Amino acid sequence: MLAKRSIIEILHEILQMEGRKKTHIQYQAALTYPQVNRYLQGMSARGLIKKGQDERGGNIYNVTEKGRELSKHLSLIMAYLDINDRHAA
């Protein structure tokens, strides 16, 4: 069983998933449906991700420039604190 992850780890993990559907993000990040909705809504409201469409018209989430910048900072923080992204694929 995985240890409980911090918000930093979850945000970082989601920000690594460029152009993915909500279901893929949910399963890859091991989140429940309410959790993935809460994270995606909060990240979208803060300009970290943006909803778009794939070539078949399905909804996908893309990381914005602000989100990429945050991801870089989170990587540095995680390295400094010696936090491994233990759930990343």
Side-chain angles (χ1 to χ4, degrees):
M1 181 170 216
L2 292 174
K4 186 173 179 181
R5 295 173 291 157
S6 68
I7 292 172
I8 291 173
E9 290 172 289
I10 295 169
L11 289 174
H12 185 257
E13 190 169 348
I14 293 172
L15 290 171
Q16 303 305 304
M17 296 185 216
E18 179 67 35
R20 304 289 174 90
K21 292 185 176 192
K22 183 191 296 188
T23 305
H24 181 90
I25 295 169
Q26 177 185 348
Y27 288 121
Q28 191 71 31
L31 298 170
T32 65
Y33 187 75
Q35 286 173 321
V36 76
N37 280 332
R38 190 170 58 245
Y39 276 100
L40 294 178
Q41 287 172 359
M43 293 170 75
S44 183
R46 289 166 180 80
L48 302 174
I49 59 172
K50 185 171 74 171
K51 189 189 275 190
Q53 291 190 329
D54 63 12
E55 61 279 350
R56 297 188 313 196
N59 290 331
I60 58 172
Y61 290 86
N62 295 302
V63 180
T64 64
E65 187 58 40
K66 185 176 178 181
R68 282 188 277 282
E69 191 67 28
L70 177 61
S71 181
K72 290 177 193 175
H73 291 293
L74 292 177
S75 291
L76 292 171
I77 291 167
M78 289 171 65
Y80 182 76
L81 296 174
D82 197 26
I83 297 173
N84 297 322
D85 200 356
R86 41 187 179 262
H87 192 72

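Because the structure is a prediction, the values reported are computed rather than measured.
Closest non-hydrogen pair, S71 versus Q16, comes out as OG-NE2, 2.6 Å. The two residues N59 and K21 have their closest heavy-atom pair at O-CG, 3.4 Å. When every heavy atom of E9 is checked against every heavy atom of R5, the shortest pair comes out as OE1-CA, 3.3 Å. Among all heavy-atom pairs drawn from L15 and L70, the shortest one is CD1-CD2, 4.0 Å. Taking each heavy atom of Y61 and K51 in turn, the nearest pair found is OH-CE, 3.3 Å.
By the 4.0 Å N-to-carboxylate-O rule, E69 lies too far from K66 to be salt-bridged with it.
Within a 6.0 Å radius of CZ in R68, more than 12 heavy atoms belonging to other residues, nucleotides or ligands are found.
Tracing side-chain contacts under 4.5 Å through hydrophobic residues (I, L, V, M, F, W, Y), one never reaches L76 starting from L11; they form parts of separate clusters. Linking Ile, Leu, Val, Met, Phe, Trp and Tyr whenever their side-chain heavy atoms come within less than 4.5 Å leaves I60 and L48 in two separate clusters.
At distances below 3.5 Å, at least one donor-acceptor pair connects side-chain atoms of E18 with backbone N or O atoms of V63.
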Open item on the list: Assess the residue pair K22 and N37 against the criterion (side-chain hydrogen bond (donor to acceptor under 3.5 Å, both in side chains)); give the C-alpha distance rounded to whole Å, side-chain angles, the decisive distance to 0.1 Å, and a yes or no.
Closed with: CA-CA 8 Å; K22 183 191 296 188; N37 280 332; 2.7 Å; yes
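L40 is listed as a side-chain neighbour of I25, based on a closest heavy-atom distance under 4.5 Å.
With 3.5 Å as the limit, one finds no donor-acceptor pair spanning the side chains of Q41 and S44. Q35 and T32 are linked by a side-chain donor-acceptor pair at a separation below 3.5 angstrom, with hydrogens and angles left out of the test.
Applying side-chain contact (heavy atoms from CB on, under 4.5 Å) to H12 and the options I77, I7, L74 leaves one that passes, L74.
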